[in-house]
Amino acid sequence: MADGTHPGGRTDGSGRGIPQPHREQTDYGGAVYGSLQAASVVAGTAAFGPFPRLGLVLLLLVTGLVFWVAHVYARLVGDLASYRDLTWQRVRHVAGDEWPIAQAAVGPAVAVAISPLLGLSVAATAWFALSVAVAEQVGWACFAAIRAGASRRLVVLSTLVNLVLGLVVVVLKAGLH
């Protein structure tokens with residue numbers, strides 16, 4: 001780089017960059033976003049009364065897929081270079097980067113699907129799925145902060161902020177119920 005640093009930003013004191021090992025990039029932000037979106041789907045269904053389990057599983061999965069497609073499309077269209085260099089490889093790459101948004105719906109959907117095995121009522125099923133979504137959201141945010149090398153203080157702050165966001169959804173669900 002022009003300032004003498006490696007793209008990773010670290011130098012060895014002489015101004016020369018220290019090569020950083022390539023890390024596999026994971027979109028933790030997408031996973032956090034998808035978890036929050038799944039929690040809001042569960043909370044939103046409370047406004048319509050009891051939702052059949054199969055309907056809620058499908059709603060979670062389809063909504064996750066719709067938001068994933070929307071994010072892929074937005075990234076491709078938002079990047080002006082995409083118009084010049086749009087290839088199937090580029091589309092697959094962006095789709096893979098955004099996949100955590102759709103994946104985040106799987107945990108709450110599985111919670112709904114297994115709820116009869118646990119003897120849960122429809123109302124308890126919604127709370128179970130919401131708990132799974134919030135736990136995912138908090139867990140992914142915490143893991144992202146740790147992977148980024150954040151200080152303990154920042155990891156705790158990130159975890160608390162995401163817990164508060166999740167609890168806001170819980171309060172909204174309780175208010176709609």
Side-chain angles (χ1 to χ4, degrees), residues 24-79 82 90-118 120-148 150 154-177:
E24 185 67 27
Q25 295 295 318
T26 299
D27 184 9
Y28 299 109
V32 170
Y33 173 84
S35 298
L36 187 57
Q37 174 263 325
S40 66
V41 166
V42 174
T45 60
F48 303 110
F51 221 83
R53 285 180 176 93
L54 179 59
L56 184 52
V57 167
L58 292 175
L59 185 61
L60 281 162
L61 296 176
V62 168
T63 303
L65 288 173
V66 166
F67 274 78
W68 168 66
V69 168
H71 276 255
V72 170
Y73 178 74
R75 265 192 57 198
L76 290 172
V77 170
D79 181 8
S82 291
R90 171 85 174 125
V91 172
R92 281 192 307 272
H93 176 76
V94 170
D97 282 351
E98 297 293 337
W99 188 241
I101 293 170
Q103 283 179 309
V106 173
V110 168
V112 172
I114 67 167
S115 66
L117 301 173
L118 301 173
L120 298 177
S121 67
V122 173
T125 294
W127 284 108
F128 180 42
L130 183 58
S131 298
V132 169
V134 170
E136 279 185 347
Q137 175 195 341
V138 171
W140 281 118
C142 180
F143 190 71
I146 291 168
R147 276 292 295 245
L154 192 53
V155 170
V156 169
L157 180 63
S158 175
T159 301
L160 289 175
V161 166
N162 277 277
L163 181 58
V164 168
L165 284 173
L167 292 176
V168 166
V169 175
V170 169
V171 168
L172 290 174
K173 184 197 179 322
L176 291 172
H177 197 63

**Prompt:** Who are the side chain to side chain contact (heavy atoms under 4.5 Å, CB included) partners of V69, not counting sequence neighbours?
**Reply:** none
**Message:** Nearest 0.5 Å, please: how far is NE2 in H71 from CG in D97?
**Reply:** 13.0 Å
**Prompt:** Looking only at heavy atoms, what is the nearest atom pair of A141 and S158, with distance?
**Reply:** O-OG, 3.6 Å
**Asked** Do we see a donor-acceptor contact under 3.5 Å between the side chains of E136 and S35?
**Response** yes
**Request:** Could you pull out all residues at least two apart from S115 that satisfy side chain to side chain donor-acceptor pair (under 3.5 Å)?
**Result:** R53, T125
**Message:** Check whether E98 reaches the backbone of G30 with its side chain - one donor and one acceptor, N or O, closer than 3.5 Å.
**Reply:** no
**Request:** Report the residues that fulfil ring-ring contact (aromatic ring centres under 6.0 Å, His included) with F128, sequence neighbours left out, ordered by chain and then residue number.
**Result:** none
**Prompt:** Can you list the residues that meet the ring-ring contact (aromatic ring centres under 6.0 Å, His included) rule with F67, with sequence neighbours excluded?
**Reply:** none
**Message:** With a 3.5 Å distance limit and no angle check, can you tell me whether T63 reaches the backbone of L60 through a side-chain donor-acceptor pair?
**Reply:** no
**Message:** Taking side chain to side chain contact (heavy atoms under 4.5 Å, CB included) as the definition, give me every residue that meets it alongside L154, ordered by chain and number, with sequence neighbours left out.
**Reply:** A150, S151, L157
**Fill in**
With sequence neighbours left out, the residues meeting side chain to side chain contact (heavy atoms under 4.5 Å, CB included) with A95 are W68, V72
**Complete:** The reported gap from CG in L61 to CD in Q103 (rounded to nearest 0.5 angstrom) is 12.0 Å
**Item:** Flag side-chain contact, heavy atom, 4.5 Å: L36 against V32
**Value:** no
**Message:** Is the ring pair W140/Y28 parallel, tilted or perpendicular, if the boundaries are 30 and 60 degrees?
**Reply:** tilted
